[in-house]
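Predicted, not measured: the structure shown is a model, and the values here were computed from it. When reading the values below, keep in mind they use all heavy atoms of this one structure, side chains included, and skip hydrogens, waters and symmetry mates. In each ligand, atom 1 is the first atom listed, and ligand 1 is the first ligand listed.
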Amino acid sequence: MLNESVSPMKALEGIKILDFTHVQSGPTCTQILGWFGADVLKVERPGVGDATRKQLVDVPGADSLYFTMLNHNKRSIELNSKNEIGKEVLTRLIEECDVLVENFAPGALDRMGFSWERIQEINPRIIMASIKGFGPGKYQDCKVYENVARCAGGSASTTGLLDGPPLVTGAQIGDSGTGLHLCLGIVTALFQREKTGRGQKVTTAMQDAVLNLARVKMRDQQRLASGPLNEYSQFGEGIPFGEATPRAGNDSGGGQPGRILKCKGWEDDPNAYTYFICQAAIWDKVCDVIGEPEWKTKEGYTTPPERLGKLNEIFARIEQWTMTKTKFEVMDICNPFNIPVGPILSMKEIAEDESLYATGTMVRVNHPERGEYLSVGCPIKMSDSPVEVTRSPLLGEHTVEILSEVLGYSGEELDRVVGSGAVGEIKAEAAQ
Ligand code: CAO
């Protein structure tokens with residue numbers, strides 16, 4: 001909720017970001033900084049731009065949703081950072097900006113001639129934030145994509161059914177998850193700079209970010225030394241544990257038995273399911289709701305340890321009940337009793353939920369090439385820093401604007417840079 005008594009200043013107003021990111025991980029980070037009010041200057045290779053502009057194209061000729069949904073609230077400058085004039089402009093950008101964010105392959109920035117040492121020389125106050133696949137060690141030079149990180153960070157080995165192969169998640173924890181971690185590092189470094197006056201290097205490895213998100217699975221790895229993990233379904237089923245944290249299907253990670261259960265319509269609707277958690281505190285309520293009140297006092301059913309070996313039977317009975325209700329009816333009936341349940345929402349249902357547009361979690365955005373499209377807005381709500389989601393920039397849309405307004409090029413100097421080809425082909429109207 002916005003505090004209306006305060007002027008609509010944004011938290012990071014006045015902070016300039018040299019956004020040297022591409023694909024998903026880095027752009028996720030700089031997009032959030034843009035939502036918080038930073039001026040994000042996205043540097044893109046002339047004529048090419050971020051590869052995602054032309055990946056998974058749905059509207060021929062237009063920037064893809066892959067790009068537009070990850071690059072809101074940014075300005076785009078085309079710049080060849082490998083030629084001499086391009087390097088000159090990049091040096092000016094480093095002088096002017098507070099933060100440089102990049103997620104190139106390991107060593108790419110050094111090969112351009114911009115090592116951390118050189119960047120600090122140019123601007124000792126700058127914060128340089130990098131995403132790489134792995135931290136220092138044997139894999140440090142590898143290029144890494146989302147699924148590689150999910151696998152290397154321990155997520156895939158602990159996701160899926162016990163008798164099936166490892167699974168990657170729908171949530172992009174490798175890319176977007178790492179971008180979020182980096183974003184926190186950047187604002188923390190900005191905060192420290194307020195006191196020290198110095199910039200610093202912030203790095204996040206995708207493997208590390210995924211592992212951090214899979215922290216509870218490392219908890220379970222250590223617990224294995226003390227015996228089987230009795231909250232895992234396989235314990236109740238008498239299946240022995242191996243040496244590593246197993247895949248737990250849809251068991252809940254918090255030690256309370258939980259499963260995904262069918263709801264009314266499951267035969268035709270792949271998302272007619274609910275999550276159902278059987279907390280000890282609400283066991284009596286569950287018994288009443290599903291029509292098994294005698295289970296409240298029945299021998300062998302009254303305590304959580306006693307129920308562990310009967311979870312298949314218990315959840316089968318609960319599912320008999322959930323199958324008579326829609327997933328939303330299950331929610332409506334269980335919530336008043338504090339029985340934790342959650343409908344399995346499809347992306348279609350989420351896209352059609354007007355309450356999410358009311359909070360800005362979902363937004364409708366206009367784009368000159370593709371018209372209106374849906375996007376996910378800022379998931380972090382701040383009472384004194386309003387977020388307005390603006391469309392992603394066209395390739396090089398702000399090249400001249402950034403050269404002149406941000407870097408102060410004008411007259412012959414500007415002509416020299418533009419004429420050199422280092423900043424791509426300037427569209428006539430933009431150059432005027
Ligand atoms: N001007 C001139 N050259 C530019 C440029 C510009 N504006 N922008 C990029 N380049 C160059 C780079 O300098 C690099 O050149 P060299 O290979 O000669 O050093 C080249 O373009 C390719 O950059 P890259 O290696 O980063 O890109 P890629 O497509 O080959 O690899 C990726 C992509 C994502 C695997 C790699 O960047 C990477 O591992 N990044 C770190 C981890 C990461 O963020 N992964 C998430 C990706 S999304 O799943």
Aromatic plane relationship, F104 with H22 - under 30° parallel, 30 to 60° tilted, over 60° perpendicular: tilted
Geometric cation-pi criterion R364 and Y373, 6.0 Å radius, 45° cone: no
Return yes or no for this condition: an N or O of [X] is under 3.5 Å from an N or O of ligand 1.
| X | result |
| --- | --- |
| P106 | no |
| E146 | yes |
| A105 | yes |

SB check R125 D98 (cutoff 4.0 Å):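 Answer for the salt bridge query: no.
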Within-4.5 Å side-chain heavy-atom neighbours: R259 and N250: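 No. Closest side-chain heavy atoms not under 4.5 Å.
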Pairwise side-chain contact, I282 with P340, heavy-atom cut-off 4.5 Å (strictly under):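 Sidechains of P340 and I282: in contact.
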Numbering as shown, the atoms of ligand 1 that approach I131 to under 4.0 Å (heavy-atom distance):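 Answer for ligand 1: 41 (C), 44 (O).
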Enumerated ligand 1 atoms positioned under 4.0 Å from heavy atoms of N80: 1 (N), 2 (C)
Atom pair CD/OH of E237 and Y232 - distance to nearest 0.5 Å: 14.0 Å
Nearest-0.5 Å distance, CG of residue D332 to OG1 of residue T326: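 D332 CG to T326 OG1: 7.5 Å, rounded to 0.5 Å.
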Closest candidate by heavy atom, reference atom 11 (C) of ligand 1, pool Q24, E102, Q172, K82: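 Nearest option to atom 11 (C) of ligand 1, by heavy atoms: K82.
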Proximal candidate to atom 37 (O) of ligand 1 [heavy atom criterion; set M206, K143, H22]: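 Comparing heavy atoms across M206, K143, H22, the nearest one to atom 37 (O) of ligand 1 lies in H22.
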Quick one: does ligand 1 sit under 4.0 Å from the side chain of [X], the backbone, both or neither, non-hydrogen atoms only?
| X | value |
| --- | --- |
| R45 | both |
| V144 | backbone |
| L109 | neither |
| V23 | side chain |

For atom 40 (N) of ligand 1, the protein heavy atom that lies nearest, with its residue and separation: N103 O, 2.9 Å
Where at least one partner belongs to residues 103-113, residue pairs that pass side-chain hydrogen bond (donor to acceptor under 3.5 Å, both in side chains), sequence neighbours excluded: S25-N103
